[in-house]
Number of protein chains: 2
Amino acid sequence: MGHGARRQQIVEAADDLFYRQGFEHTSFADIAKVVSISRGNFYHHFKTKDDILDAVIKTRLDRTQHMLADWEEEGATPKDRIKSYIKILLTNWLMIKSYGCPVGTLCTELAKLNHTSKDEANKVFTLFRRWLKKQFSLLGHSQDADALAMRVLSWSQGVATLSNAFNDYKYVKQEVDKMCDWLDAMSVKATP
Amino acid sequence: MGHGARRQQIVEAADDLFYRQGFEHTSFADIAKVVSISRGNFYHHFKTKDDILDAVIKTRLDRTQHMLADWEEEGATPKDRIKSYIKILLTNWLMIKSYGCPVGTLCTELAKLNHTSKDEANKVFTLFRRWLKKQFSLLGHSQDADALAMRVLSWSQGVATLSNAFNDYKYVKQEVDKMCDWLDAMSVKATP
DNA sequence: GACAATCTAGGGCAGTCGTCCTAATATCTC
DNA sequence: GAGATATTAGGACGACTGCCCTAGATTGTC
């Protein structure tokens, strides 16, 4: 096994399990089973469980940054880019309906645990927030760009939570359409 | 101690701790400390921890039903009543910013644990949903009353989640105002 | 005051948790 | 091939978990 490959393997398994089962409910034994190593072997790669969490958050931050950069490249207009974000609700529907939004649910859990890394986890939110703000600025809404970014974030968080509770795809689809319509109506105002 | 008073005392302590720390992170020892009884004494009141959870959910359902009935009585118009719901975000701001929405966070946690009682917990959402739907029907939006109820639910859930992450009262206040404005604008359309 | 029902404290149960140690194995470097 | 380094398995640790038992205290009823 190559340099740090096993470490990355552990982080990815932990990432998945933290999302699906929650951070606290996931034990070393759970991760070990997925990666097929012994429990006692963790200490060689990570000193504590919190270290694994930090590594997980770090990769999530990296992954998010890459995803946002990709959207920046792919989307022709800011509107298209914002829609890329909105549409995760549909692309990841199968996961979200069972486990909620990976960002929101981790932040909420760490907040309740009053965990040291909760601020670090919140940074994923901040990443989206800043990126959305930038897009809204480019759309001509520089004045209330941040408020609009928060609105989109909040909207998707709400839909994710209710989608998790009610397991209703049609509802999610409707909300995504509504968000896109709202976005379209807004950009018209900005470019008269 | 009167008939079932200790039991109710345990339920109330558990309710609070489940909210602030999460269900799984709360142990018998935690509850025992609050109620000032010994750990081993629980078995006399509840067979299992899940039984306590069920009792907690039950009282939450009851409390919610009473609250909705009160709003029904106090609010002169359906619009006022819906605003009663929206304004919990401000009344409970101090709790929400630290621990999120009690309904949403419990449902999310139980979903991740794939807990037997997760459907029961979701019923609290359903209670709000039906009540809001009724109010929107009375407002003259019987056709899309349920969709509007979901929208209000989702909106508040999103704001609660972000308020928990960013700890920003001004943002919550703004969103509450926007929701009220949105509500006012909507009811105008229904009563021309 | 006698008796039954209810409630209580304290501790033991087997299991799991995160952590840490040690000894053996694999891998790399020269 | 020798020696250093990296990785591994397995198990032990103390602490905690939910759960359960028992024996004593309290309360209520006649």
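Everything numeric in this text was worked out from a predicted model, so none of it was measured. Throughout, protein chains are lettered first and strands after them, A, B, ... in sequence-line order, and every chain is numbered starting at 1.
In this structure, B/Lys49 places its NZ atom 19 Å from P of C/dG15, rounding to the nearest Å. Regarding A/Leu53, its CG atom lies at a distance of 12 Å from the P atom of C/dT19, rounded to whole Å. The nearest whole Å value for the distance from the CG atom in A/Asp30 to the C1' atom in C/dG18 is 13 Å. Put simply, NE2 on B/His45 is 18 Å from P on C/dA5, counting in whole angstrom units. Rounded to a whole Å, the CZ atom of B/Phe28 is 19 Å from the P atom of C/dG12. In this structure, A/Asp50 places its CG atom 13 Å from C1' of C/dC17, rounding to the nearest Å. For the pair B/Gln9 CD and C/dC7 P, the interatomic distance rounds to 13 Å; values are reported in whole Å. In this entry the distance linking NE2 of B/His115 with P of D/dG18 reads 12 Å, nearest Å.
Here the two rings, on B/Phe128 and B/Tyr85, have centers that are under 6.0 Å apart.
When every heavy atom of A/His45 is checked against every heavy atom of A/Arg7, the shortest pair comes out as O-NH1, 3.5 Å.
Look at A/Arg6 and you won't find any side-chain N or O under 4.0 angstrom from OP1 or OP2 of D/dA6. Residue A/Arg39 places no side-chain N or O under 4.0 Å from the OP1 or OP2 atom of C/dC20.
Under the 30°/60° scheme for interplanar angles, the aromatic rings of B/Phe125 and A/Phe166 are found to be tilted.
If you find the closest nucleotide of DNA chain C to B/Ile37 and to A/Ser27, the one lying nearer the 5' end belongs to B/Ile37.
When each of D/dT8, C/dG18, D/dT17 is scored by its nearest atom to the side-chain atoms of B/Ala29, the top-ranked nucleotide is D/dT17. In this structure, the nucleotide among C/dT8, D/dC19, D/dA9 sitting nearest to the side chain of B/Asn41 is C/dT8. Out of D/dT17, C/dT6, D/dG11, the shortest distance to the side chain of B/His44 is found at C/dT6. In the set D/dC19, C/dT19, D/dT17, D/dC19 carries the atom at the smallest distance from any side-chain atom of B/Thr48. Closest to the side chain of A/Ser38, out of D/dT8, C/dT6, D/dA9, is D/dA9.
In this structure, B/Asp15 and B/Phe18 have side chains that are not in contact, with every pair of non-hydrogen atoms separated by 4.5 Å or more.
With a 6.0 Å cutoff to the six-membered ring centre and a 45° limit on the axis angle, B/Lys49 does not count as a cation-pi contact of B/Phe42.
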